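Here the structure comes first, spelled out in structure tokens, and everything after it is commentary.
Side chains included, hydrogens not; waters and symmetry mates left out as well; all remaining heavy atoms used. In each ligand, atom 1 is the first atom listed, and ligand 1 is the first ligand listed. Worth saying up front: this structure is predicted, and the values here are computed from it rather than measured. We're numbering straight along the sequence, starting at 1.
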Amino acid sequence: MSSDASEFDPNRIESYKFPETTYTYSERDVALYALGIGACARDAVDVDQLKFVYHDKGQKFIQVLPTFAALFSLGSLPGGLGLPGLKYDPRLLLHGQQYIELYKPLPSNACLKNTVSLAGLHDKGKAAILEIETKSYDKDSGALLCMNRTTAFLRGAGGFSKSSHPYSYSNYPKDKVPSVKIPKGQPFVVFEDCTQPSQALLYRLSGDYNPLHSDPTFAKVAGFTRPILHGLCTLGFSVRAIVKCICRGDPNLVKCISGRFLLHVYPGETLLTEMWLEGLRVIYQTKVKERSRTVLSGYVDLHGLSSSL
Ligand SMILES: CCCCCCC/C=C/C(=O)SCCNC(=O)CCNC(=O)[C@H](O)C(C)(C)COP(=O)(O)OP(=O)(O)OC[C@H]1O[C@@H](n2cnc3c(N)ncnc32)[C@H](O)[C@@H]1OP(=O)(O)O
């Protein structure tokens with residue numbers, strides 16, 4: 001049976017072969033990203049942060065924060081989500097989740113080859129959930145550096161299932177689904193950080209130019225009183241807090257990162273990142289202080305613990 005080209009067609013989406021893409025970045029991009037997620041904003045000589053924006057203490061290369069890897073996922077989709085069979089309103093797209101596995105320390109400049117595939121597609125009735133997997137290889141050495149699984153929550157695009165059973169496709173086992181239970185006890189540490197009113201305007205220069213984060217009229221159509229912060233910016237603030245407080249500034253202790261965006265953040269709001277340590281897993285949740293609302297939760301797995309902890 002042929003389907004109408006303007007219809008949401010899960011089979012066409014599933015069979016789409018994404019083109020391979022390249023993504024090149026320099027130390028300038030690394031430093032700009034770090035500033036975009038608030039590094040050194042409160043203290044320009046912070047010993048745990050300066051190395052992410054400057055050749056501190058004569059270091060040869062600027063160090064790379066682990067969440068920088070998330071940029072490769074959006075960078076691997078230069079045409080955005082214009083997939084055949086995917087019918088949705090781009091104004092209603094929200095970032096739902098981000099999952100990152102890091103296999104090697106990220107170089108401070110590189111040319112990457114990205115392979116992209118569909119990781120999941122789910123009909124939630126009021127929304128469609130689309131998951132995209134990106135594997136990033138160093139083009140010169142061929143080494144696999146990291147994998148991203150990016151989840152888009154497409155409001156209003158659900159209801160496309162053809163049977164009574166809601167459509168659900170995943171290319172990874174269900175027990176690998178990032179889920180997190182926040183412990184009942186007091187957090188091991190809480191880190192407070194202020195986002196700036198201009199935070200999203202700075203962060204967008206790292207490559208996500210969606211007007212949801214900069215254009216007041218667009219933001220209103222999307223259902224917000226003003227432009228909201230990029231989810232990946234909030235994730236960057238939270239993981240930077242974990243690198244500072246638990247990894248004692250060492251970005252290479254981070255093995256894997258998982259986060260679910262629970263509520264939007266307005267630029268200028270204060271973020272409180274609460275962290276619990278369970279073995280080599282840091283469970284975290286981030287709250288907006290002014291509204292007492294949790295906006296992000298997830299976990300970060302570490303290779304080991306800093307000896308000074
Ligand atoms: C793929 C590449 C393109 C990515 C482009 C990224 C562009 C960047 C955009 C942004 O940065 S937007 C800003 C960051 N994101 C946000 O601010 C979103 C914050 N979250 C919310 O507002 C809400 O959580 C929500 C996403 C609107 C969902 O809330 P809602 O109340 O509508 O959902 P529920 O009724 O609780 O759940 C329905 C169903 O969906 C599942 N689900 C809920 N939240 C998420 C989520 N964040 N990610 C993935 N899935 C989610 C939930 O489990 C339910 O499923 P079932 O349990 O019923 O099976």
Side-chain angles (χ1 to χ4, degrees), residues 13 16 18 21 36-37 67 70-83 86 88-100 114 116-134 147-159 161 165-171 174 177-180 195 199-201 203-204 206-215 218-219 221-238 258-267 269 271 285-288 291 293-298:
I13 300 169
Y16 179 70
F18 290 81
T21 56
I37 62 161
T67 44
L71 299 187
F72 311 157
S73 56
L74 299 192
S76 68
L77 294 168
L81 287 182
L83 315 182
L86 182 62
Y88 74 104
D89 183 341
R91 297 170 303 181
L92 302 183
L93 179 153
L94 291 174
H95 201 151
Q97 296 180 160
Q98 190 72 24
Y99 176 73
I100 310 167
N114 286 318
V116 186
S117 56
L118 184 75
L121 181 62
H122 314 275
D123 186 352
K124 298 291 184 188
K126 60 175 159 182
I129 290 185
L130 180 80
E131 300 176 280
I132 300 288
E133 183 178 292
T134 306
M147 184 274 274
N148 274 278
R149 202 177 295 131
T150 307
T151 304
F153 192 93
L154 309 175
R155 292 176 289 167
S161 305
H165 199 69
Y167 187 96
S168 185
Y169 162 81
S170 269
N171 79 343
K174 284 271 181 280
V177 172
S179 66
V180 69
T195 66
Q199 201 73 50
L201 298 175
Y203 181 83
R204 71 194 283 276
S206 286
D208 184 347
Y209 299 103
N210 184 341
L212 175 62
H213 310 293
S214 48
D215 187 315
F218 188 100
V221 174
F224 302 100
T225 52
R226 58 197 162 96
I228 63 171
L229 200 58
H230 303 73
L232 288 181
C233 183
T234 310
L235 183 72
F237 266 80
S238 305
S258 175
R260 179 181 270 214
F261 304 109
L262 304 170
L263 194 70
H264 58 279
V265 175
Y266 288 114
E269 289 186 314
L271 300 177
Q285 68 178 1
T286 303
K287 292 178 173 163
V288 162
R291 288 184 281 146
R293 299 288 300 273
T294 304
V295 293
L296 168 63
S297 72

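- Of the protein's non-hydrogen atoms, the one nearest atom 20 (N) of ligand 1 is Phe261 O, 3.0 Å.
- Distances shorter than 4.0 angstrom occur between a heavy atom of Leu93 and an atom of ligand 1.
- Atom CD of Glu133 sits about 4.5 Å away from atom CE of Met147, to the nearest 0.5 Å.
- Between the side chain of His95 and the backbone N or O of Gln97 there is at least one donor-acceptor pair closer than 3.5 Å.
- Among protein heavy atoms, atom 18 (C) of ligand 1 sits closest to His95 O, 3.6 Å.
- Taking a cut-off of under 4.0 Å to the non-hydrogen atoms of Ile228, the atoms of ligand 1 that pass are 13 (C).
- Considering backbone and side-chain N/O atoms, Leu94 never comes within less than 3.5 Å of an N/O atom of ligand 1.
- At the shortest separation from atom 41 (C) of ligand 1 among protein heavy atoms lies Ile129 CD1, 4.0 Å.
- Judged purely by atom type and a 3.5 angstrom limit, Arg155 uses its side chain to pair as donor or acceptor with the backbone of Ala222.
- For the pair Gln98 (side chain) and Arg260 (backbone), a donor-acceptor distance under 3.5 Å is absent.
- With ligand atoms numbered from 1 in the order given, ligand 1 contributes 7 (C), 8 (C) to contacts under 4.0 Å with heavy atoms of Asp208.
- Heavy-atom contacts of Thr150 reach the following atoms of ligand 1: 1 (C), 2 (C), 4 (C) (cutoff under 4.0 Å).
- Looking at Arg149, its side chain never comes within 3.5 Å of a backbone N or O of Tyr99 through a donor-acceptor pair.
- For atom 52 (C) of ligand 1, the closest heavy atom belonging to the protein is Arg260 NH1, 3.9 Å.
- Within the 4.0 Å heavy-atom shell around ligand 1 one finds Leu229.
- The backbone N or O of Asn210 sits less than 3.5 Å from a side-chain atom of Asp208, completing a donor-acceptor pair.
- For His213, the closest heavy-atom approach to ligand 1 falls below 4.0 Å.
- Within ligand 1, the atoms closer than 4.0 Å to a non-hydrogen atom of His230 are 11 (O), numbered from 1 in the order shown.
- The distance criterion of under 3.5 Å between nitrogen or oxygen atoms is not met by Leu77 with respect to ligand 1.
- The N/O atoms of Lys126, backbone and side chain alike, include one that comes under 3.5 Å of an N/O atom in ligand 1.
- Protein heavy atom closest to atom 11 (O) of ligand 1, with residue, atom name and distance, is Gly231 N, 2.8 Å.
- At least one N or O atom of Lys124, backbone or side chain, sits closer than 3.5 Å to an N or O atom of ligand 1.
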Working for side chain to side chain contact (heavy atoms under 4.5 Å, CB included), residues His213 and Cys233: CA-CA 11 Å; His213 310 293; Cys233 183; over 6 Å; no

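- Remark: side-chain polar atoms of Asp89 are paired, donor with acceptor, to backbone N or O of Arg91 under 3.5 angstrom.
- Nearest protein heavy-atom neighbour of atom 24 (O) of ligand 1: Leu262 O, 3.1 Å.
- Taking distance alone, with nitrogen or oxygen atoms compared against 3.5 Å, Ile132 stays at or beyond that limit from ligand 1.
- Atoms of ligand 1 lying under 4.0 Å from at least one heavy atom of His264, given by number and element, are 17 (O), 19 (C).
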Full working for side chain to side chain contact (heavy atoms under 4.5 Å, CB included) between Leu81 and Leu86: CA-CA 8 Å; Leu81 287 182; Leu86 182 62; 4.0 Å; yes

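- Checked by distance only, ligand 1 and Gly96 come closer than 3.5 Å through their nitrogen or oxygen atoms.
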